[in-house]
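A short write-up of the structure that comes next.
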Amino acid sequence: MGGDQDPTRALVTKSHLRPARTSITRSKIIYESKRQKLAVASLIQEFTILPAKLKEIKDHFKSEMVKGLAKQGETLAMVQTHILGRLNGSETGTYLTLDIGGTYLRVVLVELSQGSQVSTKQKKYAIDSQLKVGEPKLLFDFMASCIDSFLVANDAVIPKERQLELGFTFSFPVLQTGINSGTLIDWTKGYSCHGMVGKDPAEFLQQALLSRNVKVNVSALMNDTVGTLLSHAYQHPRTVVGFGLGTGSNGAYIERVDRIRKRDTAALGDDVEASAQEMVINIEFGAFDNERTVLPITMFDNKVDRKSLNPSKQLFEKMVAGMYLGEITRNVLLDMIDNRLLFRGQSSRKLGTPWAFLTEHMSVIEEDSTPELDEVRRVLEDNLGLGLVESSETPVSTNVLADSTDVEVPVQTSGGESQRGGAVTTLADRQIVKLIVELVGQRSARFAAAALGGMLEHTMGYTWARDEVEKQEGVDIGVDGSLYGFYPGYESDLMSGLEELFALEAGMSFLFAKEGKNEKLKDRVRLGRCLDGSSVGAALGAVLATRSAAQPPC
């Protein structure tokens, strides 16, 4: 997520923030054979997460959180960020941030003013693919050069008389050892600079800055989701969760220190002292259920995992995050084609290319409300080259008779389509593709709901609903990432999942409207879009770091 452009942005150009899904009416799909209909029914069963299963996933997520708080090396890393306390909105100052985690990095100048006012000035720099897999020193030298270039370009607005404090958003799994230090657990998102695992990225960046005589101090190291939490909390003090749903996926939340059993008691105190403190925890939930205990994994998920850069790792992320949804869909389509259940068994060179079916294609397909699914046709035919008869010597039948159980049904095409040569995707093809896309997208949102529901139940009674007054005030969640912000229907699917989960938990019933009142769950559990949260949050992390450094030790 951090530093990268999320994959659903490019084709979603409508002015509204969250485009609406136009669901396919399943009873109106014009199946071309009984075998095709049975195959689709099987896919619906595989990808639909029923409430009981959703609750099972949520409960397992909660238990894994507790295990991760107890000791190091658990599947949920539950990283201690060493960010203590909460923001109150009065923080001010000028800070620099660096945000990296994908194809780009961003350098941002953040100005915090009284009244929770924020202004930013930023520049994005493309990262050469060779830097992602080469010597770590080259990558960090590039980061330092971008900071130096940015400071030179903004010489007029940056004070020269003092050193700038920098918040470093490093969006890879890190075992945090201090507020401005940690060790890389593993590379993700296509990076694999050798020799870096176990090393401190903040120290690498600081040394690169010193070698260039750049007057910048790396005062805070954090994940982008932690930044999202801090950024949202700056303007919404009841924020206790930061949620990232974009190219990657992750969550962070505020934990009471005495519940962190693996903490350093010499630094953070015993249970009596610690009970008065709160710390932000970076869950790193992309690795949830790597043991394959509870998630309903399909053969399509297995194929994505096997072909990924990090097989058998980050399993949950590969079923939720925007980076992978298009590839899951592509695998489903290829399986249907191989069984002659779509496009008359004909694929295309583009669809046969890994990662060619993009999450942005899914967004366009989800929005299509035209009777003939014209936007779906455009994606399939114009973008992916599907439905094209590549050999004029091969006759094209307008009837499908795949086996003895099939019913012969004329292939329904639209006006202007040719039976020999040219585009010949059928209405049934397009309807089924739209349904498959919807199933994959909805499943992602429901998995995200299970994770968020687990976080909220875990913290209820400790950090956000400790008494009746706080229960009535509800809770705020900061969310960043394009799946939440741009993918059609994602927010409503996420909220629907939460409603189903909390309806099954008596202890969460206070979140629903009381008799005679009009409040809905979304009025008590308030999801807020946190634009540019990682950058502003990194600046706020630098604020907390300098505040902590100024205080005498306990």
Side-chain angles (χ1 to χ4, degrees), residues 7 11 24 29-33 35-44 46-47 298-308 323-366 368 372-403 406 409 411-414 416-441:
L11 289 183
I24 188 77
I29 295 177
I30 307 168
Y31 293 105
E32 296 169 354
S33 70
R35 196 165 68 94
Q36 188 183 57
K37 184 175 183 179
L38 290 173
V40 171
S42 178
L43 287 173
I44 292 172
E46 273 194 288
F47 280 89
T298 70
M299 67 176 187
F300 312 108
D301 301 307
N302 281 327
K303 187 171 183 180
V304 169
D305 180 45
R306 286 195 302 270
K307 298 291 186 179
S308 69
M323 178 175 178
Y324 301 96
L325 299 187
E327 184 65 2
I328 294 170
T329 303
R330 190 184 74 89
N331 285 329
V332 177
L333 297 182
L334 287 176
D335 183 70
M336 294 282 285
I337 290 168
D338 288 346
N339 286 283
R340 297 190 62 81
L341 296 169
L342 276 179
F343 315 120
R344 296 161 300 115
Q346 296 186 49
S347 185
S348 68
R349 184 178 293 105
K350 187 71 175 288
L351 191 67
T353 304
W355 308 100
F357 193 98
L358 306 176
T359 307
E360 63 191 44
H361 293 143
M362 296 174 68
S363 291
V364 173
I365 288 170
E366 289 268 35
D368 192 355
E372 295 291 322
L373 298 180
D374 296 325
E375 290 300 308
V376 179
R377 184 210 310 274
R378 181 174 68 81
V379 170
L380 296 177
E381 298 175 5
D382 296 349
N383 293 101
L384 299 172
L386 286 161
L388 297 179
V389 181
E390 296 184 357
S391 172
S392 60
E393 298 176 0
T394 304
V396 180
S397 172
T398 57
N399 292 321
V400 175
L401 188 60
D403 60 31
D406 285 350
V409 180
V411 172
Q412 297 204 17
T413 62
S414 300
E417 294 176 328
S418 170
Q419 294 180 10
R420 284 183 65 107
V424 288
T425 61
T426 67
L427 181 58
D429 287 334
R430 300 192 290 274
Q431 289 174 323
I432 291 170
V433 169
K434 185 169 173 62
L435 176 59
I436 290 169
V437 165
E438 184 175 312
L439 290 171
V440 174

(message) Under a 3.5 Å cutoff, is there a donor and acceptor pairing between the side chains of Arg430 and Thr425?
(response)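 There is such a pair between these side chains.
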
(message) Ile30 vs Thr426, test: side-chain contact (heavy atoms from CB on, under 4.5 Å). Steps then yes/no.
(response) CA-CA 10 Å; Ile30 307 168; Thr426 67; over 6 Å; no

Using side-chain heavy atoms (C-beta onward) and a distance below 4.5 Å, is [X] in contact with [Y]?
X      : Y      : value
Phe343 : Leu380 : yes
Asn339 : Arg35  : yes
Tyr324 : Asp301 : no
Ile365 : Glu375 : no

Which heavy-atom pair separates [X] from [Y] by the least distance, and what is that distance?
X      : Y      : answer
Leu386 : Glu381 : O-CG, 3.5 Å
Leu384 : Ala356 : CD2-O, 3.9 Å
Pro354 : Gly352 : CD-O, 3.5 Å
Gln346 : Arg344 : NE2-NH1, 2.9 Å

(message) Just verifying a value: how many Å separate Glu32 CD and Asp429 CG, rounded to the nearest 0.5 Å?
(response)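 Rounded to the nearest 0.5 Å, the CD-CG separation comes to 5.5 Å.
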
(message) Just to verify, what does Glu438 make a salt bridge (charged side-chain N to carboxylate O under 4.0 Å, His left out) with, not counting sequence neighbours?
(response)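 None.
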
(request) Output all residues satisfying salt bridge (charged side-chain N to carboxylate O under 4.0 Å, His left out) with Asp305, sequence neighbours left out; order by chain, then residue number. (result)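 Applying salt bridge (charged side-chain N to carboxylate O under 4.0 Å, His left out) to Asp305 gives Arg292, Lys318.
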
(request) Might you work through the side-chain contact (heavy atoms from CB on, under 4.5 Å) test for Asn383 and Arg378, ending with a clear yes or no? (result) CA-CA 7 Å; Asn383 293 101; Arg378 181 174 68 81; 3.9 Å; yes

(request) Evaluate the side-chain contact (heavy atoms from CB on, under 4.5 Å) criterion for residues Val437 and Lys434: first the C-alpha distance (whole Å), next the side-chain angles of each, then the deciding distance (0.1 Å), finally the verdict. (result) CA-CA 5 Å; Val437 165; Lys434 185 169 173 62; 5.8 Å; no

Cut-off 3.5 Å, no hydrogens considered: what does the side-chain donor-acceptor table look like for residues 325-333, sequence neighbours left out?
from: Glu327; atom 1: OE1; to: Arg330; atom 2: NE; distance (Å): 3.0
from: Glu327; atom 1: OE1; to: Trp355; atom 2: N; distance (Å): 2.7
from: Glu327; atom 1: OE2; to: Arg330; atom 2: NE; distance (Å): 3.4
from: Glu327; atom 1: OE2; to: Arg330; atom 2: NH2; distance (Å): 2.9
from: Thr329; atom 1: OG1; to: Leu325; atom 2: O; distance (Å): 3.0
from: Arg330; atom 1: NH1; to: Leu351; atom 2: O; distance (Å): 2.8
from: Asn331; atom 1: ND2; to: Glu327; atom 2: O; distance (Å): 3.3

(request) Check the pair Ile432, Ile436 against side-chain contact (heavy atoms from CB on, under 4.5 Å), reporting the backbone distance first and the verdict last. (result) CA-CA 6 Å; Ile432 291 170; Ile436 290 169; 3.8 Å; yes

(message) List the residues meeting side chain to side chain donor-acceptor pair (under 3.5 Å) with Asp335, not counting sequence neighbours, and say none if there are none.
(response)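 Applying side chain to side chain donor-acceptor pair (under 3.5 Å) to Asp335 gives none.
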
(request) Apply side chain to side chain donor-acceptor pair (under 3.5 Å) to Gln431 and list each qualifying residue two or more places apart in sequence or on a separate chain. (result)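 Checked Gln431 against side chain to side chain donor-acceptor pair (under 3.5 Å); zero matches.
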
(message) I'd like to check the side-chain contact (heavy atoms from CB on, under 4.5 Å) partners of Leu38; sequence neighbours left out, ordered by chain and number.
(response)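 Partners of Leu38 by the side-chain contact (heavy atoms from CB on, under 4.5 Å) criterion, ordered by chain and then number, come out as Lys34.
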
(request) Kindly say whether Leu341 contributes a backbone atom to a donor-acceptor pair with the side chain of Gln36 at under 3.5 angstrom? (result)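 It does hold such a pair.
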
